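In what follows, a single structure is set out as structure tokens and then discussed.
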Protein chains: 2
Amino acid sequence: MKLSGGVEWAVHCCVALTGVTEPVPAATLARLNDVSMTYLAKQMQSLARAGLVHSVQGKAGGYVLARPADSISVLDIVLAIEGTEPQFTCTEVRQRGPLAASPEQCLQACAVHRAMLAAEQAWRASLRGVSVADLVATVDRDSGPDVLSRVRGWLASPTP
Amino acid sequence: MKLSGGVEWAVHCCVALTGVTEPVPAATLARLNDVSMTYLAKQMQSLARAGLVHSVQGKAGGYVLARPADSISVLDIVLAIEGTEPQFTCTEVRQRGPLAASPEQCLQACAVHRAMLAAEQAWRASLRGVSVADLVATVDRDSGPDVLSRVRGWLASPTP
DNA sequence: GTTCGGATACTCGGATAGCACTTGTCCGAGTGGGGGTGG
DNA sequence: CCACCCCCACTCGGACAAGTGCTATCCGAGTATCCGAAC
């Protein structure tokens with residue numbers, strides 16, 4: 001029940017990518033956050049595979065957000081990195097053992113399964129309600145708009 | 001982001017333990033659910049360590065619920081098995097890299113951290129709102145009260 | 001001066017090792033019960 | 001017949017391996033750019 005560490009990096013990168021028009025290479029994003037270049041590249045690949053960012057190859061290549069920031073939710077990023085399979089897998093304990101229930105008695109999910117499913121739905125709904133644009137607005141409100149503008153400027157011409 | 005498989009077993013065992021007065025050994029619970037005896041014993045140990053079930057040693061020993069079923073939430077069981085540490089660990093990316101923020105600018109949690117925290121709180125709240133007694137009531141309503149009564153009878157005198 | 005071509009350097013992408021955690025298992029410590037023995 | 005004591009079988013508890021997925025890394029495929037040469 002632990003989130004992959006790459007999720008944090010991916011979300012931060014999506015926030016940093018807002019407002020930039022030219023592609024940003026993974027190496028630049030890695031230097032910005034001071035993290036492993038190759039590993040962050042892997043996370044960006046996952047984002048590209050999920051269609052959240054658009055990757056352009058070549059000399060001036062890199063990553064750009066594929067959609068407006070207000071249409072990319074944090075849930076999209078988490079699912080892109082972690083995978084879309086649910087966190088709880090019901091093994092149908094009911095149908096095992098000496099008091100096994102018949103399959104026609106198990107047409108609907110068991111009570112335990114439903115409780116877990118409801119909790120995961122709540123979790124997903126909370127993450128779905130926060131978009132990358134919301135995060136940008138929050139950062140601007142908390143720390144001032146110059147923080148993210150400085151990030152965008154650095155991404156445009158990074159220091160080697 | 002995957003729950004431990006033992007969580008399912010632990011919840012089912014807690015449901016099965018409702019209404020029984022004499023201690024039930026881990027081996028009996030394992031046979032009821034047709035799962036690995038030794039591994040389920042490990043999960044029951046975690047429940048005992050968390051104070052959810054009371055363990056009695058000796059010849060007629062086993063496990064009993066330590067509290068009324070309506071005061072044991074599914075969240076309690078999940079936390080007992082998975083551990084209480086939060087699923088998301090913020091590595092303070094803000095304070096790293098060439099544009100690192102100063103520590104006094106990071107007095108409150110960053111926007112990403114707060115979004116993840118809110119989602120986890122929603123998840124926990126959903127699980128906290130479901131007690132073992134609620135699960136029992138749900139099973140009784142769905143499949144009839146005889147299902148759980150048969151389970152209790154089998155736990156009292158199990159077939160070897 | 002303009003245009004075409006190729007070499008180049010830089011990018012992403014998937015395939016590849018290392019490590020931590022979950023899964024699964026085992027044996028020892030402790031305890032209540034049952035049977036034997038003595039009164 | 002009853003009470004006491006010892007042995008035992010049964011239980012939990014923590015310590016010990018194996019498998020699986022996350023972490024981290026590398027090298028190859030692909031492409032826009034830049035430079036040079038030809039027209």
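Chain identifiers are assigned alphabetically (A, B, ...) following the order of the sequence lines, protein sequences preceding nucleic acid strands; residue numbering begins at 1 within each chain. Since this is a predicted model, take the numbers as computed values, not measurements.
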Open item on the list: What is the separation between atom CD on A:Gln45 and atom P on C:dG13, rounded to the nearest whole Å?
Closed with: 6 Å
Task: Minimum-distance nucleotide (side-chain atoms of A:Thr38 versus D:dC26, D:dG13, D:dG30) - done: D:dC26
Task: Shortest side-chain distance from B:Gln57, nucleotide among D:dC10, C:dT11, C:dG30 - done: C:dG30
TODO: Decide side chain to side chain contact (heavy atoms under 4.5 Å, CB included) for A:Val151 and A:Leu32; before the verdict, give the C-alpha distance in whole Å, the side-chain angles of both, and the deciding distance to 0.1 Å.
DONE: CA-CA 8 Å; A:Val151 169; A:Leu32 172 67; 3.9 Å; yes
Open item on the list: For C:dA17 and A:Tyr39 - does any side-chain N or O of the residue sit under 4.0 Å from the phosphate oxygens OP1/OP2?
Closed with: no
Open item on the list: Considering every strand and a 4.0 Å limit on heavy-atom distances, what is the contact class for B:Lys42: base, sugar-phosphate, or nothing?
Closed with: base
Task: Gap between atoms CG and C1', on B:Leu3 and C:dT22 respectively (whole Å) - done: 12 Å
Open item on the list: Using every non-hydrogen atom in the two residues, find where B:Pro23 and B:Gly61 come nearest and quote the distance to one decimal.
Closed with: CB-C, 3.6 Å
Task: D:dT23 OP1/OP2 closer than 4.0 Å to side-chain N/O of A:Ser36 - done: no
- [ ] Send over the distance from A:Met1 CE to C:dT23 P, rounded to a whole Å.
- [x] 13 Å
Open item on the list: Whole angstroms only, please: what is the CH2-C1' distance between B:Trp9 and C:dG24?
Closed with: 9 Å
Task: Gap between atoms CD and C1', on A:Gln43 and C:dC12 respectively (whole Å) - done: 15 Å
Open item on the list: What's B:Ser55 touching, base or sugar-phosphate or nothing? Going by heavy atoms closer than 4.0 Å.
Closed with: sugar-phosphate
- [ ] Let me know the distance between NZ of A:Lys59 and C1' of C:dT8, rounded to the nearest Å.
- [x] 7 Å
- [ ] Find which nucleotide of DNA chain C each of B:Met37 and A:Ala41 is nearest to by heavy atoms, and output the residue with the more 5' nucleotide.
- [x] A:Ala41
Task: Residue pair B:Glu8 / A:Thr91, side-chain donor-acceptor N/O under 3.5 Å - done: yes
Open item on the list: By nearest heavy atom, map A:Ser4 and B:Val24 onto DNA chain D; which one lands nearer the 5' end?
Closed with: B:Val24
Task: Whole-Å gap separating P (D:dC12) and CG (B:Leu52) - done: 16 Å
- [ ] Give a yes/no on whether any side-chain N or O of A:Arg49 is located under 4.0 angstrom from OP1 or OP2 of C:dG13.
- [x] no
Open item on the list: Using only atom types and a distance under 3.5 Å, with no angle test, would you say the side chain of A:Arg114 pairs donor to acceptor with the backbone of A:Ala109?
Closed with: yes
Open item on the list: If I take atom CD in residue A:Glu8 and atom P in nucleotide D:dT23, what distance separates them, rounded to the nearest angstrom?
Closed with: 12 Å
TODO: Answer with base, sugar-phosphate or nothing: what part of the nucleic acid does B:Ala27 contact at a heavy-atom distance below 4.0 Å?
DONE: nothing
Task: CA sep, side-chain torsions, deciding dist, call: B:Leu47, B:Met44, side chain to side chain contact (heavy atoms under 4.5 Å, CB included) - done: CA-CA 5 Å; B:Leu47 293 184; B:Met44 297 308 291; 4.0 Å; yes
